[in-house]
2 protein chains.
Amino acid sequence: MGTTQLETVQEPKYWHLKTVLSEALDSDFAVGEVLPNERELAARFGVARATLRQALEQLELEGRLQRRRGVGTTVAPPRVGVAVATAQQGWAGGDSDEAWQPVECTTATAPASVAAVLDMDAEAPVHVVRRIQATHGQTVAAELLYVPQSSVPELSAIAAPSGPARARSVLRELHRLGLDGQDRSVELGSARVDDAKELDRLPGAPVLVVTTRYFAAAGTVAVSVATYRADTCRLTFGDSGALEISHEEQERKAS
Amino acid sequence: MGTTQLETVQEPKYWHLKTVLSEALDSDFAVGEVLPNERELAARFGVARATLRQALEQLELEGRLQRRRGVGTTVAPPRVGVAVATAQQGWAGGDSDEAWQPVECTTATAPASVAAVLDMDAEAPVHVVRRIQATHGQTVAAELLYVPQSSVPELSAIAAPSGPARARSVLRELHRLGLDGQDRSVELGSARVDDAKELDRLPGAPVLVVTTRYFAAAGTVAVSVATYRADTCRLTFGDSGALEISHEEQERKAS
DNA sequence: CAGTGGTCTAGACCACGTT
DNA sequence: ACGTGGTCTAGACCACTGA
């Protein structure tokens, strides 16, 4: 018979577990329902808790589950689509920008990586505007907007030294410059401690990092680093102003 | 003195480890260099291997490390920027599309989720075109492009039944329809078995899933689900045709 | 074949939210 | 105080790569 090898391709246990759980979630659980605790699930499937957790981790990464320490594991709602402005719309600042809410504003020297993107002197001071974005009552993104002082020389000297009021001042000045274009990239990251706090996640939680460069006549006038919860968010880019709804409706299965 | 609590805020070991390793990577290692193996690193830091691995996992997630079974852990090069076409450019098909290389083409019924997005009968057959994208000698993305047969009725009956040749036929027909717009979303996922194989990763590896709907006069004519390696890729959206280079140059530290 | 990372176990203790 | 998920340990064995 030789080495027939059977068909047991040696699929890892946690992978198989994930599949089984995923199907169970589809058929036996409603959104928001809490699962049995990890120790019981592990026992029920006859695996070690660490193995069970490996499966849960993947499902959380895929946005199927939500785990909270001290509370339990619940079935997550479908990911929420968060629009990332593609064109002039959503240009940082302006009163029409309802998505982002300014939280704070400080002045500091930009981190090296940001300074390089701004192609400015690494020592020159920048305004750092902190903004957050909420949807459905949940904070889904935290942003740091770096604005070189040289970009907004007109900034009133009497403006508040920090806080939301100053943030709005900076944004207003920035807005007056107009916008010639932007440049955006998306990559996977893990939440820094401060972002994690804003997003109500543990440090290191997976996030989608959107880096945007804003161009005006003068060159690069600002850089935004926005951190989105990767577990609950789907970033949408409306390149054609097309429908945004049907993708969500698809998830609501006919009842 | 009461509960002074010291300053030990109980930062998890793996988090601290990650920081230390990250700094070591910056100062003591060159891109491509192999690290000591996990057992030795764990011993050197006085932690269990599992804890050390938790730190390595995060660093790999952030694109700082690359781990390969049987080989070792190496310092990863900076993430490569992969352009995701924003406008008409890069419209599926056309000989000018150099980024994507057709691999195969089959015919099947679309998965439920895709059928819903195509707003078509879930039973109706679609062409499924498999394409991959490579940069710097590495496959960075695997795509499944779903084209309802009704979108390309003119497809020659004598076309090859499968394989790259047929893929090109479908793309050619699709291209003839023209493109009215598109609609794109990005989210975090984990690699399916087949995608993992194409991307040379283990199943479950973190990926960025880009879902694109293509619109023509007739409505939604095709849907693409592209899976990018999250560890090595940074998706770029050139909303203004602006410079793509400086971001990469920033990474090459002066020598 | 030896050496690597990947999987898995059976425990322990901790931090947190709720009660 | 209790129950939850989060961290950590010290082992074991497996799958894969390359010499």
Side-chain angles (χ1 to χ4, degrees), chain A residues 3 5-6 8-19 21 33-61 65-76 190-191 193 196-197 200-206 231, chain B residues 3 5-6 8-19 21 33-61 65-76 190-191 193 196-197 200-206 231:
Chain A
T3 58
Q5 178 68 14
L6 315 211
T8 60
V9 260
Q10 282 294 19
E11 189 179 48
K13 274 190 189 177
Y14 78 91
W15 186 263
H16 180 246
L17 247 184
K18 179 192 136 183
T19 310
L21 282 169
E33 198 170 345
V34 313
L35 270 57
N37 72 51
E38 296 182 350
R39 289 160 181 87
E40 177 172 342
L41 278 179
R44 191 179 299 185
F45 285 105
V47 300
R49 191 176 154 221
T51 305
L52 186 267
R53 278 180 61 82
Q54 211 172 341
L56 294 185
E57 244 152 59
Q58 286 242 353
L59 289 170
E60 189 179 30
L61 203 78
L65 291 180
Q66 194 156 345
R67 298 192 287 173
R68 274 172 303 172
R69 165 152 52 178
V71 180
T73 302
T74 59
V75 180
S190 43
V193 218
K197 206 169 173 182
D200 190 28
R201 300 260 63 197
L202 290 176
D231 54 344
Chain B
T3 58
Q5 178 69 15
L6 320 208
T8 60
V9 258
Q10 281 293 19
E11 190 179 49
K13 274 190 190 178
Y14 77 91
W15 185 264
H16 180 245
L17 247 185
K18 180 192 136 183
T19 308
L21 282 169
E33 198 171 344
V34 313
L35 269 59
N37 71 53
E38 296 183 349
R39 289 162 181 87
E40 178 171 342
L41 277 179
R44 191 178 299 185
F45 286 105
V47 300
R49 193 177 153 219
T51 305
L52 186 266
R53 278 180 61 81
Q54 211 171 340
L56 294 185
E57 244 153 58
Q58 286 239 356
L59 289 170
E60 189 179 31
L61 202 78
L65 291 180
Q66 194 156 346
R67 298 191 288 173
R68 274 171 305 171
R69 164 151 54 176
V71 180
T73 302
T74 59
V75 180
S190 45
V193 214
K197 205 170 172 183
D200 189 29
R201 299 260 63 198
L202 291 176
D231 54 345

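The sequence lines fix the lettering, A, B, ..., with proteins before strands; numbering per chain opens at 1.
Side-chain N/O atoms of Thr73(B) include none lying less than 4.0 angstrom from OP1 or OP2 on dT4(C). Taking only side-chain nitrogens and oxygens, Tyr14(B) never comes nearer than 4.0 Å to OP1 or OP2 of dC8(D). Within the 4.0 Å cut-off from OP1 or OP2 of dT4(C), at least one side-chain nitrogen or oxygen of Asn37(B) is found. At the phosphate of dT7(C), neither OP1 nor OP2 sits under 4.0 Å from any side-chain N or O atom of Thr51(A). Between Arg53(A) and the phosphate of dG5(D), there is no side-chain N or O to OP1/OP2 separation shorter than 4.0 Å.
Of the candidates dT9(D), dT7(D), dT7(C), the closest approach to any side-chain atom of Val47(B) belongs to dT9(D). With distances taken from any side-chain atom of Lys13(A) to the nucleotides dG18(D), dC8(C), dC8(D), the minimum falls on dC8(C). Distances from the side chain of Ala48(A) to the nucleotides dG6(D), dG6(C), dT9(C) place dT9(C) closest.
Counting non-hydrogen atoms under 4.0 angstrom, Arg68(A) reaches the backbone sugars and phosphates but no base. Within 4.0 Å (heavy atoms only), Leu56(A) reaches no atom of the nucleic acid at all.
Using a 4.5 Å heavy-atom threshold, the side chains of Gln54(B) and Pro12(B) count as separate. Looking at heavy atoms from C-beta onward, Leu41(A) lies out of side-chain contact with Thr73(A) at the 4.5 angstrom threshold. Counting only heavy atoms from C-beta outward, the side chains of Phe45(A) and Lys13(A) never approach each other to under 4.5 Å.
Taking atom CG on Leu41(B) and atom P on dG5(C), their separation rounds to 8 Å, with Å as the unit. If you measure from atom CZ of Arg39(B) to atom C1' of dA10(D), you get 12 Å, rounded to the nearest angstrom. The nearest whole Å value for the distance from the CG atom in Leu17(B) to the C1' atom in dT9(D) is 14 Å. One atom, CZ of Arg67(A), and another, C1' of dG17(C), lie 17 Å apart when rounded to the nearest Å. Following rounding to the nearest Å, Gln66(A) (CD) and dG5(D) (P) show an atom-to-atom distance of 13 Å. Between Glu11(B) atom CD and dC14(C) atom P the separation is 18 Å, expressed in whole Å. Leu35(B) has its CG atom 12 Å from the P atom of dT4(C), to the nearest Å. Note: CD (Gln54(A)) to P (dA10(C)) measures 15 Å, nearest angstrom.
A donor N or O paired with an acceptor N or O is found under 3.5 Å between the base of dG6(C) and the side-chain atoms of Arg49(B). Put simply, the side chain of Arg69(B) and the base of dG3(C) share no donor and acceptor less than 3.5 Å apart.
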Exercise. Starting from the C-alpha separation in whole Å, work towards a yes-or-no answer on side chain to side chain contact (heavy atoms under 4.5 Å, CB included) for Trp15(B) and Gln58(B).
Key: CA-CA 9 Å; Trp15(B) 185 264; Gln58(B) 286 239 356; 4.0 Å; yes
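Nearer the 5' end of DNA chain C, as judged by each residue's closest nucleotide, is the contact made by Gly46(A), out of Gly46(A) and Val71(A). Nearer to the 5' terminus of DNA chain C, by closest-nucleotide assignment, is the contact made by Gly70(B) (compared with the other of Pro203(B) and Gly70(B)).
A donor-acceptor contact shorter than 3.5 Å links the side chain of Glu60(A) to the backbone of Arg67(A).
Within 6.0 Å of atom CG in Asp200(A), 12 or fewer heavy atoms from other residues, nucleotides or ligands are found, so the atom counts as exposed in its surroundings.
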